[in-house]
Amino acid sequence: MRRFIQGISIMIISGFYLFISSCTSETCFEVTESYIKANFYRYSTKKLTPPDSITAYGINMEASKIYDKNKKIQPAMLPLNASTDSSVIIIKINTDTDTIKFWYSSYPHLVSKECGYTYYHDIDSIFSTKHSIDSISEKNRSITTANGENIGIYY
Amino acid sequence: MGRISAYIINLLLALIICQGKVMAQDTIQFPLNIRLGMEASLPVIYLFQKTNLTFEGSLSADVNEKTAAAFHAGYTDYRYSQYNYEFRSNGMFFRTGVDFNLLKPKKTMGKYRAGIGLRYGLSHFNHEIPSITSENYWGTSGSSVPYRNDWAHFLELTPGARADIFRNISIGWTVSLRKLIYSGTGKDLKPVYIPGYGNNSKSFNLSVSYFVVWNFPYRKIRIIIKPEEPEEPAAAEENAANQGYGNREDGNF
């Protein structure tokens with residue numbers, strides 16, 4: 001009987017230990033920003049081919065570039081403005097500069113208690129000039145923190 | 001002749017007494033209890049963290065020596081804020097299910113429990129996100145989500161232990177492994193915290209509860225117990241050697 005009560009005591013003490021150890025640290029480890037994942041394709045071959053050089057920035061934000069003559073970027077990660085329903089990205093692929101305009105809707109999404117909420121987007125439409133870009137294909141209109149191609153840029 | 005009769009009568013009496021002893025060893029009177037419990041740790045934690053005020057009570061009734069039906073009810077007022085969002089939720093929650101005691105009835109006599117429980121949980125709650133801010137290349141974006149009312153359903157697996165510390169008063173703990181079945185809120189605007197369920201941003205939710213329980217015996221049942229296997233001679237000798245003396249209660253010494 002004494003051994004039995006000792007066993008029960010151990011269980012209760014272990015419960016207390018469990019309680020103390022259940023206090024988890026509150027650190028955010030997840031990806032919290034959503035981007036348009038844009039893969040580059042050669043129009044002539046239809047094959048994935050990163051450009052030799054990419055420069056990209058938001059309209060009126062030339063001083064703060066997303067990419068600045070970066071080489072062999074694949075995919076390009078293009079952010080959208082959650083406060084507006086459209087974003088304009090200026091993109092220079094190798095030597096020619098184009099403008100891409102995205103129309104979309106935004107909504108908050110819970111990442112985790114530790115990281116909080118981020119904004120996801122649903123793309124409505126895409127418009128681009130055609131200096132270097134031939135066309136843009138829409139693969140997945142849902143812009144989230146998950147990996148996977150959203151658009152293909154044929155140049 | 002008189003001496004023979006006395007001898008036979010003594011023998012019969014001894015047999016009856018022995019028979020009685022055998023019967024007493026084969027069955028025991030096991031008390032069934034109704035238990036009224038209160039979760040004791042969360043109000044204490046609230047004094048330090050000020051985020052989660054929860055009161056939870058439980059009512060359970062022994063169905064037999066191994067099984068008890070359980071019902072829990074509680075209320076939570078949860079507030080949380082950090083650099084990029086604020087969140088509030090409050091509401092009632094209920095859990096119902098069964099507890100299984102894995103200990104031997106002869107040893108517990110209703111005073112101890114180590115086992116596992118299964119629960120179905122229901123939460124009726126309000127939740128609100130007064131502010132959300134998110135920063136990216138374009139700057140800071142902000143919004144809020146007004147109060148809304150939802151029902152959440154979840155399942156729970158609860159291993160735990162309980163022991164009497166005073167007459168009719170027990171303390172115990174349970175580990176609760178919870179799986180949300182339905183939150184009613186969709187996959188994006190999930191509430192950070194659901195009363196009764198806990199942190200909603202994980203696939204499974206794990207928590208530990210401490211209960212103080214008042215026991216009210218309401219009935220006794222007679223249960224048949226399996227006689228314990230006699231110890232192996234070698235083990236018995238080893239025990240005797242370890243103890244250094246015989247078992248006086250058994251009259252071996």
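Residue numbers begin at 1 in each chain, while the letters A, B, ... track the order of the sequences.
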Under 4.5 Å from a heavy atom of chain B, the part of A:I66 involved: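 For A:I66, the contact with chain B is made by backbone and side chain together.
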Under 4.5 Å from any heavy atom of chain B - which part of A:Y35: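 Contact with chain B involves no heavy atom of A:Y35 at all.
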Would you indicate whether [X], at its atom [atom1], is surrounded by more than 12 heavy atoms from other residues, nucleotides or ligands within a distance under 6.0 Å?
X: B:K111; atom1: NZ; result: no
X: A:K46; atom1: NZ; result: yes
X: B:N149; atom1: CG; result: yes
X: B:Y147; atom1: OH; result: yes
X: B:K50; atom1: NZ; result: yes
X: A:K37; atom1: NZ; result: yes

Interface residue of largest heavy-atom contact number with chain B, from A:A82, A:S106, A:P108, A:S87, under 4.5 Å: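 Maximum pair count with chain B is reached by A:P108.
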Polar contact flag, side-chain donor to acceptor under 3.5 angstrom, B:S143-A:Y119: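 On atom types as modelled, these side chains qualify, holding a pair under 3.5 Å.
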Value rounded to 0.5 Å, distance of [atom1] in [X] from [atom2] in [Y]:
X: A:E30; Y: B:S201; atom1: CD; atom2: OG; answer: 7.5 Å
X: A:E33; Y: B:E135; atom1: CD; atom2: CD; answer: 9.0 Å
X: B:I129; Y: A:L110; atom1: CD1; atom2: CG; answer: 7.5 Å

Donor-acceptor contact present, side-chain B:N84 to main-chain A:C115, <3.5 Å: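 Judged by distance alone, yes, a pair lies under 3.5 Å.
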Minimum heavy-atom distance between [X] and [Y], given as atom pair plus value:
X: B:Y85; Y: A:S112; answer: OH-O, 4.4 Å
X: A:P79; Y: B:Y137; answer: CG-CB, 3.5 Å
X: A:Y117; Y: B:I132; answer: CB-CG2, 3.7 Å

Contact check, side chains of B:N199 and A:E114, non-hydrogen atoms, under 4.5 Å: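 Yes, side chains in contact.
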Cation-pi check, A:K113 onto B:Y80 ring (under 6.0 Å, within 45° of axis):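 Pair A:K113/B:Y80 counts as cation-pi.
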Contact origin within [X] toward chain A - heavy atom pairs under 4.5 Å:
X: B:N136; result: both
X: B:F87; result: side chain
X: B:T140; result: backbone

